[in-house]
Amino acid sequence: MDVIALDSPTDAQIREWHDVLAAVHAADPAAHPLPGPDRTARLLGAGSGTRQQLWAVPDGGRFAAVAALRLPGEPGTDRPGEIDVQVRPSHRRRGLGRRLLTAAAEGLRADGRPSVIAQVLAGTPAVPFLESQGFECVLTLRGMLLRLDDVPPERISRLLAEGPAGYRLVRWEGTVPDEHAAALARAKHAMVDFAEYDGASWDARRVREMAATVAGRGDDLYTVAALHGDVIAGFTEIVVPHGCAGRAAQYDTAVVPEHRGRRLGIWVKAAMLAWLAGERPGVREIETDNSGDNPHMIAVNEELGFRLERESLEYQAPTPALP
Ligand SMILES: CC(C)(COP(=O)(O)OP(=O)(O)OC[C@H]1O[C@@H](n2cnc3c(N)ncnc32)[C@H](O)[C@@H]1OP(=O)(O)O)[C@@H](O)C(=O)NCCC(=O)NCCS
């Protein structure tokens, strides 16, 4: 079985790809609900917003395994590539995962990337697989879930009313308005404490690139920020996936160091929940990953009603360590 590169996948190849995801999803514990076939098509399509390379291993007209390597930013940047390998349960332990990783390693070298990251669930075969291929665990993430039916509306109104003096809330959908772009990039730096594995700096261009990636997939990005003068003191982002089946994803939340300790984090999150309740009533659950060494954010999420669901691990490998 050979690895083939999919430069611009055909409809039939996209269907096969989705079929591999569905087979893996049915057999393994999953962090997220299976995306619909049209979302898979968008993720693989040219409009996905981030450069990526795709490979598959065909076996008798079907795909036995697939891999996607996302390459955020420009070639040669320090930012790590992001790899995802999926092998049908019926085809495991035959070296297909390793062969796909070898193809991805060539892609990383050609793009001048120093390293690659992968996010996997604790306790799954992905852990021994990555550890056997030169990866090391760099971050433990607590996957938490908020069921909105379990959140009394009074809790949200109380938290909203408790907003600290001297701050005001702003919100936008999609790309950040120009007047807040530089301030949002500065606030994103506040997250670097918790994301040292990807410590690349944030600027207004990268903030817009992230929004374009989300929009390219057909997903909707919502942002709520607390302003102190013109400064974004804290913000939170939610992404509602295209064809949302009821579950939205928490993206970044941060409060800049000078403004911490004033309950701004829970305030912007409560404002987000109030906004979504009116704007996107179909959203019934929100999932989030918190770094295990970020007790403040975990406490904020627990106060809102998030509960622990699973543990995820971020693995990273320097490109030279790959097969
Ligand atoms: C993780 C995954 C991609 C591995 O694919 P695979 O084709 O079975 O892996 P390989 O056959 O190339 O395995 C290479 C080595 O990894 C290690 N490995 C892989 N699966 C393992 C397992 N279940 N238990 C222990 N070691 C394992 C072994 O050292 C193996 O070498 P060996 O078979 O000679 O002992 C596959 O299990 C999968 O698709 N899981 C679900 C999706 C997922 O979590 N993807 C990871 C995202 S990067």
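Values reported hereafter were calculated over all heavy atoms of this structure, with side chains retained and with hydrogens, waters and symmetry mates removed. Order of appearance sets the numbers: ligands from 1, and atoms from 1 within every ligand.
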W275 vs Y222, ring pair (Phe, Tyr, Trp, His ring centres under 6.0 Å): CA-CA, chis, key distance, verdict:
CA-CA 9 Å; W275 186 17; Y222 295 86; 5.2 Å; yes
So the atoms of ligand 1 within less than 4.0 Å of a heavy atom of A126 turn out to be 1 (C), 44 (O), 46 (C)
Axial cation check for W267 ring with R263, 6.0 Å and 45° limits:
no
Which is closest to atom 8 (O) of ligand 1 in terms of heavy atoms, R94, E131, R93?
R93
Atom 26 (N) of ligand 1 sits nearest the protein heavy atom P128 CB, 3.4 Å
Whether the side chain of T124 engages the backbone of V120 through a donor-acceptor N/O pair (distance < 3.5 Å, no angle test) should be reported.
no
Are more than 12 heavy atoms, taken from residues, nucleotides or ligands other than D149, located less than 6.0 Å from that residue's CG atom?
yes
Provide, to 0.1 Å, the distance between atom 13 (O) of ligand 1 and the closest protein heavy atom, together with that atom's residue and name.
F129 CD1, 3.8 Å
Name the closest protein heavy atom to atom 7 (O) of ligand 1, giving the residue it belongs to and the distance to 0.1 Å.
G97 N, 2.8 Å
Location of contacts on V87 toward ligand 1, heavy atoms closer than 4.0 Å
both
Using a 4.0 Å cut-off to any heavy atom of G95, which atoms of ligand 1 qualify?
10 (P), 11 (O), 12 (O)
State whether a side-chain donor-acceptor pair under 3.5 Å links Q13 with D11.
no
Indicate the ring-plane relationship of W172 and H180, choosing parallel, tilted or perpendicular according to the 30° and 60° boundaries.
parallel
Answer with yes or no whether the side chains of Y315 and E131 bring together a donor and an acceptor at under 3.5 Å.
yes
Which heavy atom of the protein is the closest neighbour of atom 36 (C) of ligand 1, given with residue, atom name and distance?
R92 NE, 3.4 Å
My question is simple, although I want it checked carefully: is atom 31 (O) of ligand 1 less than 4.0 angstrom from any protein heavy atom?
no
Just which atoms of ligand 1 are under 4.0 Å from any heavy atom in R98?
12 (O)
Proximal ligand 1 atoms for D28, defined as those under 4.0 Å from one of its heavy atoms:
41 (C)
Suppose we measure from atom 23 (N) of ligand 1 to each protein heavy atom; which comes out shortest, and what is that distance?
P125 CB, 3.4 Å
Only heavy atoms count here, so choose which of V57, D84, L121 is nearest to atom 47 (C) of ligand 1.
D84
Can Q133 be said to touch ligand 1, with heavy atoms closer than 4.0 Å?
yes
Nearest protein heavy atom to atom 17 (C) of ligand 1, by residue and atom, and its distance?
S132 OG, 3.6 Å
With salt bridge (Lys or Arg N to Asp or Glu O under 4.0 Å) as the test, would you mind laying out the steps for K269 and E303 before giving the verdict?
CA-CA 11 Å; K269 283 192 165 216; E303 186 175 340; over 6 Å; no
For the 3.5 Å polar cut-off, considering only N or O atoms, please tell me whether V85 and ligand 1 meet it.
yes
Output yes when a side-chain donor or acceptor of D59 lies under 3.5 Å from a complementary backbone atom of R62, and no otherwise.
no
Can you see whether Q316 engages S115 through a side-chain donor-acceptor pair at a distance of less than 3.5 angstrom?
yes
When you measure from the heavy atoms of T124 to every atom of ligand 1, does any distance fall below 4.0 Å?
no
Subset of ligand 1 atoms that lie under 4.0 Å from at least one heavy atom of Q86:
39 (O), 42 (C)
Between R142 and the options E311, E309, E302, the salt bridge (charged side-chain N to carboxylate O under 4.0 Å, His left out) test singles out E302
